[in-house]
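Shown next, in structure tokens, is the structure this report addresses.
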Amino acid sequence: MNHPITRTIWAAVLRKDAPSPLGERAAEALRPAGPFRIDLDGLDRRITQLPIAAANYAGLQAGKAGVLVLEEGPIIQPRSGGRNGLKIKRFELASGKLELIAERTAGITLTPDGAKGLYRAGRRWFLVDAGAPAGAQPTALKLTGLEIQVDPRQEWREMFREAWRYERDFFYDPGLHGLDLAATQKKYAPFVEAAGSRDDLIYLFREMLGDLTIGHMAVESFNFHPPNGRRGGLLGADYKVENGRFRIDRIYDGEEWNPDNYAPLAGVGLNVKAGDYLLAVDGKDLRAGMDLYALFEGTAGRPTRLKIAADPEGAAAREVTVVPINDEYELRARAWAEDNRRKVDALSNGQIAYVRVPDTADEGFADFNRFYFSQVGKAGAIVDARFNTGGRFADYIVDMMERPLRNCAITRASGGYCVPAAQIYGPKTMITNEMSGSGGDALPWMFKTGHVGALVGARTWGGLVGGSGPSLLDGMGLATPYHAHYGLNGQWEVENHGVTPDYEVENDPASVAAGGDPQLQKAVEVTLEALRGRRTAQPAPPSYPVYQRP
């Protein structure tokens, strides 16, 4: 989320006869002698806030007696999300000292006695003494050459049983959609014995778990033994073959200030532009008929020399050094959104805002906040939830859009303002397609049932029984849909159906290939129609009162 998050830490003394959790007898309070018990009477009066400054604590574990180990994240979640970037801190209740153990980690796991901790920083693993003084150096684990011998077929049998145990115990419907679990296991068990490879096993899992007939039933086939490949580099550009050379047709310029959206050819001082020819890569001549990308093998993330010229023959050629990237998705997705924003602006004569919401997780919330509130002067808005990959319920986004105009105010020094101040008061339209799913189903469902505005596009994917799952013995990921959505009319809604738009519009391949976007165009038409006859300007203030008569 794109707003500050802080938490404080409190302790409850469970037994009436236990001492305070602070001070010299802190260890006794955490681990008192005698049998474990909780005295519920007066428990609410035995709660105390620990003397630890508020922060975004993401994890809390008990170390040795009288010691707590904390995982602290940034107060404002970075755009990239995830758990990397956690600080590990140790708090001693007796002394009240809070000390840093490690930083820029992905979290820590303590031994049962709390004496040691294992954490990952980057791609390395470290073992740390959880009771050592601040500044003590951790021990880096040497994993090179680490091997383990396994019997794959025996692993597969255990994974098969474990997969069905998870569905039996955690699937949202205890009746498993009417599936006979014992009979189904018996039916598929012989195929485990017949599997000749892990790919066979993955295929089997996908087939058998498909009998549960639900959307979020995923089997993740991670490759834990990837080849030592060389990452190919990309420049964030489109090319045309002209005059026997590769000519740059478009440069995706990203956002130079944003490290998550770096554009290799748009760097300050490079002065590379569309229409230039790419003549050589690291001194290797590049001509039509060659594989352009072969010359970029192994260049991702390292400085690479390019020979650039406005002329195919190389007149006035110059050399620039760039750092290619290995993935252009963010660059191209941002360019798609910006192209759409410009189209909406042109088609609506500047009246309508365009806001893309790519998911309902960190990036989606950040994009909504960034682009919706920066366009509050517009008369209406189009929210593009196509290709929304989901995440969480995005009621926040819907709540923000449906806030009504309540009142206005004026001062002598300004033209005044209205409340809520950060709001687009006019009509809103949302676009969906068949690639919007999970949280990308929930967002348009809430938008539609809340009567915020019209839906345009294609019916969504239809998956609102979600949930993550375990990693099986060899690391295979398994989903266990345990979190089911239902509406206020006593019906399971959206799952296996999706959200149907008010205006169904298909983006046919021919139109899209020609540069068109019928769904976006229809959304503009619907929003403009809703604007007709609607007051869009700030209401004029009333006449000033006159209380004194001459």
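One is the number of the first residue; the rest follow in order along the sequence. Because the structure is a prediction, the values reported are computed rather than measured.
- A pairwise comparison of heavy atoms in P312 and Y277 identifies CD-CE1, 3.5 Å as the closest pair.
- Counting only distance, with no hydrogens or angles, the side chain of R250 and the backbone of D238 share no donor-acceptor pair below 3.5 Å.
- Here the shortest heavy-atom pairing between G475 and R198 reads C-NH2, 4.3 Å.
- When ring centroids are compared, W461 and H216 come within the 6.0 Å threshold.
- Atom CG of residue L234 and atom CG of residue L292 lie 9.0 Å apart, to the nearest 0.5 angstrom.
- Proximity of a side-chain donor or acceptor of R245 to a complementary backbone N or O of G314 within less than 3.5 Å is not detected.
- None of I352, T527, L520, V524 except one satisfies the side chain to side chain contact (heavy atoms under 4.5 Å, CB included) rule with L347; the exception is V524.
- I308 contributes atom CD1, which lies 9.0 Å from atom CG of L270 (distance to the nearest 0.5 angstrom).
- In this structure, I248 CD1 and L235 CG are separated by 7.5 Å, a value rounded to the nearest 0.5 Å.
- Counting non-hydrogen atoms of other residues, nucleotides and ligands closer than 6.0 Å to CE of M435 gives a total of 12 or fewer.
- Contact of the F371 side chain with the R341 side chain is not registered, since no non-hydrogen atoms from C-beta on lie closer than 4.5 Å.
- Aromatic ring orientation, W445 versus H485: perpendicular (interplanar angle above 60°, classes split at 30° and 60°).
- In this structure, Y396 and F373 approach most closely via the heavy-atom pair OH-CE1, 3.8 Å.
- How far CZ of R120 is from CH2 of W125: 5.5 Å, rounded to the nearest 0.5 Å.
- Scanning both residues, G487 and E493, for their nearest heavy atoms gives CA-OE2, 3.4 Å.
- A donor-acceptor pair under 3.5 Å links the side-chain atoms of T304 to the main chain of R302, judged by distance alone.
- For the atom pair I424 CD1 and M401 CE, the distance stands at 9.5 Å (nearest 0.5 Å).
- Distance alone, capped at 3.5 Å, is enough to place a donor-acceptor pair between the Q423 side chain and the R403 backbone.
- Listed by first then second residue, pairs satisfying disulfide (SG to SG under 2.5 Å) with a partner in residues 298-360 number zero, not counting sequence neighbours.
- You'll find the side chain of E330 reaches within 4.5 Å of the side chain of E363, heavy atoms only.
- When all heavy atoms of T480 and P470 are compared, the closest pair comes out as OG1-CD, 3.8 Å.
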Task: Verdict with reasoning, W492 to L464, per side-chain contact (heavy atoms from CB on, under 4.5 Å) - done: CA-CA 9 Å; W492 300 109; L464 272 187; over 6 Å; no
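- Donor-acceptor pairing under 3.5 Å is lacking for the side chains of T460 and T432.
- Between E167 and M217, some side-chain heavy-atom pair lies under the 4.5 Å cut-off.
- Heavy atoms from other residues, nucleotides or ligands lying under 6.0 Å from OH of Y503 number 12 at most.
- Residue pairs meeting the disulfide (SG to SG under 2.5 Å) criterion with at least one partner in residues 355-415, sequence neighbours excluded, are C408-C418.
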Open item on the list: Pair R459, D441 - check salt bridge (Lys or Arg N to Asp or Glu O under 4.0 Å), show working.
Closed with: CA-CA 9 Å; R459 182 156 54 103; D441 284 300; over 6 Å; no
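- Between the side chain of Y425 and the backbone N or O of P420, at least one donor-acceptor pair lies under 3.5 Å.
- When all heavy atoms of M476 and V219 are compared, the pair lying nearest together is SD-CG1, 3.5 Å.
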TODO: Could you give me the CA-CA distance, side-chain angles and deciding distance for T6 and N56, then say whether side-chain contact (heavy atoms from CB on, under 4.5 Å) is met?
DONE: CA-CA 4 Å; T6 58; N56 181 16; 5.8 Å; no
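- Counting heavy atoms from C-beta outward, I88 and E71 have side chains that approach closer than 4.5 Å.
- Under 4.0 Å is where a charged nitrogen must lie from a carboxylate oxygen, and between R392 and D359 no such pair does.
- Panel note: side chain S348, backbone V344; a donor-acceptor pair is recorded below 3.5 Å.
- In this structure, F170 has its ring center at least 6.0 angstrom away from the ring center of H483.
- Side chain of K87 to main chain of G85: no donor-acceptor pair is present (N/O by atom type, distance under 3.5 Å, no hydrogens or angles).
- Under the 4.5 Å side-chain criterion, counting only non-hydrogen atoms from C-beta, L331 is in contact with P264.
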Open item on the list: Determine whether I397 and M446 satisfy the following criterion, side-chain contact (heavy atoms from CB on, under 4.5 Å), listing intermediate values before the conclusion.
Closed with: CA-CA 10 Å; I397 291 176; M446 288 185 286; over 6 Å; no
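- A salt bridge is absent between R370 and D367: the closest approach of a Lys/Arg side-chain nitrogen to an acidic carboxylate oxygen does not fall below 4.0 angstrom.
- Within the 4.5 Å cutoff, the side chain of P518 has heavy atoms near those of the N507 side chain.
- Between L478 and L209, the closest side-chain pair of non-hydrogen atoms falls below 4.5 Å.
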Solution key, residues 376-388 side-chain donor-acceptor pairs under 3.5 Å, sequence neighbours excluded:
unit_1	atom_1	unit_2	atom_2	d
K378	NZ	D345	OD1	3.2
K378	NZ	G350	O	3.0
D384	OD1	R386	N	3.2
D384	OD1	R386	NE	2.9
D384	OD2	Y354	OH	2.6
D384	OD2	R386	NE	3.4
D384	OD2	R386	NH2	2.8
R386	NH1	D517	OD1	2.9
R386	NH1	D517	OD2	3.2
R386	NH1	Q519	OE1	3.1
R386	NH2	D517	OD2	3.1
N388	OD1	G390	N	2.9
N388	OD1	G440	N	3.4
N388	ND2	V357	O	2.8

- [ ] Report the C-alpha distance between T360 and F393 in whole Å, list the side-chain angles of each, state the deciding distance to 0.1 Å, and finish with yes or no for side-chain contact (heavy atoms from CB on, under 4.5 Å).
- [x] CA-CA 7 Å; T360 55; F393 281 106; over 6 Å; no
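- Within a 6.0 Å sphere centred on CZ of R318, heavy atoms belonging to other residues, nucleotides or ligands number more than 12.
- Heavy atoms of other residues, nucleotides or ligands lying less than 6.0 angstrom from OH of Y203 number 12 at most.
- Residues L70 and E72 fail the side-chain proximity criterion, which asks for heavy atoms closer than 4.5 Å.
- The backbone N or O of E319 sits nowhere less than 3.5 Å from a side-chain atom of R305 that would complete a donor-acceptor pair.
- Taken to the nearest 0.5 Å, the CD atom of E495 stands 10.0 Å off from the OG1 atom of T213.
- Checking side-chain atoms of R332 against main-chain N and O of A237 turns up a donor-acceptor pair under 3.5 Å.
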